[in-house]
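Computed from a predicted model, the values in this text were never measured in an experiment. Both ligands and their constituent atoms are indexed starting at 1 by order of listing.
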Amino acid sequence: METLSLEDFIDDKPWGDDVPFLEDIPGENLVAGVRIQRLVTRGDERGDLTVLMSSLLEPVTPPPHVYLVSAAVGSIRAWVYHKRQFDRLAYTNGDIRVVLYDLRKDSPTYQKMNVLDVGAANKILLTIPPYVVHGVQNRGKSIATFVNMPTNVYDPKNPDKSRLRFDHPGIPYKFE
Ligand SMILES: Cc1cn([C@H]2C[C@H](O)[C@@H](COP(=O)(O)OP(=O)(O)O[C@H]3O[C@H](C)C(=O)[C@H](O)[C@H]3O)O2)c(=O)[nH]c1=O
C-alpha cells in the first residue's frame, strides 16, 4: 500500500457566494436597536450546515460565552432584559415565539411590541440590545433549541438579567 502523505488531501470546496449566509431582514416596525438577520442553511447528502455568526461580512464582537437552550413544549421564558449585554440568538429549529417589548422611556419606539415566530420555518439571528424586554415560548409539538451568543459572559456573581413574571399585567401580551 502506498504511504499516505498530507499532500494527498485536497483543498476544501467553499460555498458559492450567490446567497449571503447572513442577510439583514429590514424591519420597519422593529423595536429600536433590534436586528434580524436571515440564516441560510446549505445541505448536501450528509446533512446541512448553518452559519450562526461570522466576521466574514462585517466586524462582530466575538461572543465570550455561548450556550444552547433547550425549550420544553409549551415552556415560557419571560420576561427578561439585560443592562449590559446584547443577546444574539440563533433560531434554527422548532416553532418558537419571541416577544419584544420596548419600555425604554427615551426610545423612539417606546411601548412598541414585536411578535416574531421563528425556528425551522424562519431561521434567524436576532440581536436584542440592552434594556429591551423579551420573552420566548416554544409553541411547537416537540422540544426546540436555540443558541445564545451574547456579547458578555454570564457572571454568576453579578448576573446581568432582570426578571418579571411572564403573566405580569403591565405587559400587553398574554402567553397562552
Ligand atoms: C446562561 C447561564 C445561565 N445560568 C443559570 C441562570 C438561570 O438560573 C438558569 C437558566 O438560565 P437562562 O438563561 O436559560 O434563563 P432564562 O431567563 O430562561 O433565559 C432564557 O430565555 C430568555 C428569554 C433569553 O433571552 C435568554 O437568552 C435565555 O437564556 O441558568 C447559569 O448559571 N450560567 C449561564 O451561563
Side-chain angles (χ1 to χ4, degrees), residues 21-22 24-25 27 29-41 50-55 60-107 109-176:
F21 55 77
L22 274 170
D24 270 287
I25 304 176
N29 286 313
L30 282 181
V31 166
V34 169
R35 183 178 187 191
I36 302 179
Q37 290 161 281
R38 168 91 42 233
L39 296 175
V40 174
T41 298
T50 310
V51 174
L52 303 183
M53 181 178 282
S54 172
S55 60
V60 295
T61 306
H65 193 86
V66 174
Y67 61 92
L68 175 72
V69 176
S70 180
V73 174
S75 65
I76 298 165
R77 293 175 148 83
W79 299 100
V80 301
Y81 74 85
H82 311 289
K83 293 181 176 144
R84 298 179 289 279
Q85 80 180 28
F86 289 69
D87 272 348
R88 294 174 300 188
L89 295 146
Y91 298 100
T92 60
N93 65 73
D95 175 9
I96 294 176
R97 175 160 288 182
V98 185
V99 184
L100 308 167
Y101 190 52
D102 193 351
L103 273 177
R104 299 167 296 176
K105 290 212 170 90
D106 58 348
S107 167
T109 55
Y110 177 57
Q111 291 189 328
K112 178 172 270 302
M113 174 171 287
N114 294 144
V115 178
L116 311 170
D117 288 324
V118 302
N122 185 23
K123 298 180 187 184
I124 62 159
L125 174 64
L126 175 66
T127 301
I128 306 175
Y131 292 100
V132 171
V133 174
H134 52 286
V136 301
Q137 181 176 29
N138 178 2
R139 289 159 44 95
K141 291 186 168 47
S142 53
I143 287 179
T145 61
F146 58 92
V147 173
N148 196 3
M149 301 164 282
T151 48
N152 297 24
V153 293
Y154 180 91
D155 179 358
K157 295 198 185 78
N158 183 21
D160 177 17
K161 198 174 283 197
S162 302
R163 295 182 184 274
L164 186 75
R165 65 182 165 89
F166 75 90
D167 55 354
H168 194 285
I171 298 184
Y173 180 86
K174 205 163 169 271
F175 287 102
E176 306 287 351

Practice item. Kindly indicate whether atom 34 (C) of ligand 1 is approached by any protein heavy atom to under 4.0 angstrom. Key: yes
Check your understanding: Does atom 17 (O) of ligand 1 have a protein non-hydrogen atom under 4.0 Å from it?
Key -> yes
Check your understanding: Would you find a donor on one side and an acceptor on the other, under 3.5 Å apart, between the side chain of Gln37 and the backbone of Leu126?
Key -> no
**Study point:** Contacting atoms of ligand 1, where contact means under 4.0 angstrom from a heavy atom of His65
**Key:** 34 (C), 35 (O)
Point to revise | Atoms in ligand 1 with a heavy atom of Asn148 nearer than 4.0 Å | key: 27 (O)
**Study point:** Among Gln137, His134, Arg77, Met149, closest by any non-hydrogen atom to atom 24 (C) of ligand 1
**Key:** His134
Check your understanding: Will you find, in the side chains of Asn122 and Arg38, an N or O donor that is under 3.5 Å from an N or O acceptor?
Key -> yes
Check your understanding: For the side chain of Asp102 and the backbone of Lys112, is there at least one donor-acceptor N/O pair under 3.5 Å apart?
Key -> no
Point to revise | Per-atom contacts of ligand 1 with Lys161, taking only distances under 4.0 Å to non-hydrogen atoms | key: 12 (P), 13 (O), 15 (O), 16 (P), 17 (O), 19 (O), 29 (O)
Review point. Quick one: does Leu89 get a heavy atom under 4.0 Å from ligand 1?
Key: yes
Review point. Given side chains that start at C-beta, do those of Gln137 and Val99 come closer than 4.5 Å, heavy atoms only?
Key: no
Practice item. Keeping the roles fixed (side chain from Asn114, backbone from Val31), state whether a donor-acceptor pair exists under 3.5 Å. Key: yes
Check your understanding: Heavy atoms, side chains only, cut-off 4.5 Å: are Leu39 and Leu22 in contact?
Key -> yes
Practice item. Taking only Lys NZ, Arg NE, NH1 and NH2, and the carboxylate oxygens of Asp or Glu, determine whether Arg104 and Asp106 approach each other closer than 4.0 Å. Key: no
Check your understanding: Looking only at N/O atoms, are His82 and ligand 1 under 3.5 Å apart anywhere?
Key -> no
Practice item. Verify the contact flag for atom 10 (C) of ligand 1, where contact means a protein heavy atom under 4.0 Å away. Key: no
Check your understanding: Which residue owns the protein heavy atom closest to atom 8 (O) of ligand 1, what's the atom, and how far is it?
Key -> Arg163 NH2, 4.6 Å
Point to revise | Test item: Trp79 side-chain N/O and His134 main-chain N/O as donor-acceptor pair under 3.5 Å | key: no
Point to revise | Asp87 and ligand 1 - part of the residue with a heavy-atom distance under 4.0 Å | key: side chain
**Study point:** Asp160 side chain to Gln85 backbone, donor-acceptor under 3.5 Å
**Key:** yes
Check your understanding: Out of Tyr154, Tyr67, Tyr81, whose heavy atom is nearest to atom 6 (C) of ligand 1?
Key -> Tyr154
**Study point:** Identity and distance of the protein heavy atom lying nearest atom 22 (C) of ligand 1
**Key:** Val80 CG2, 4.0 Å
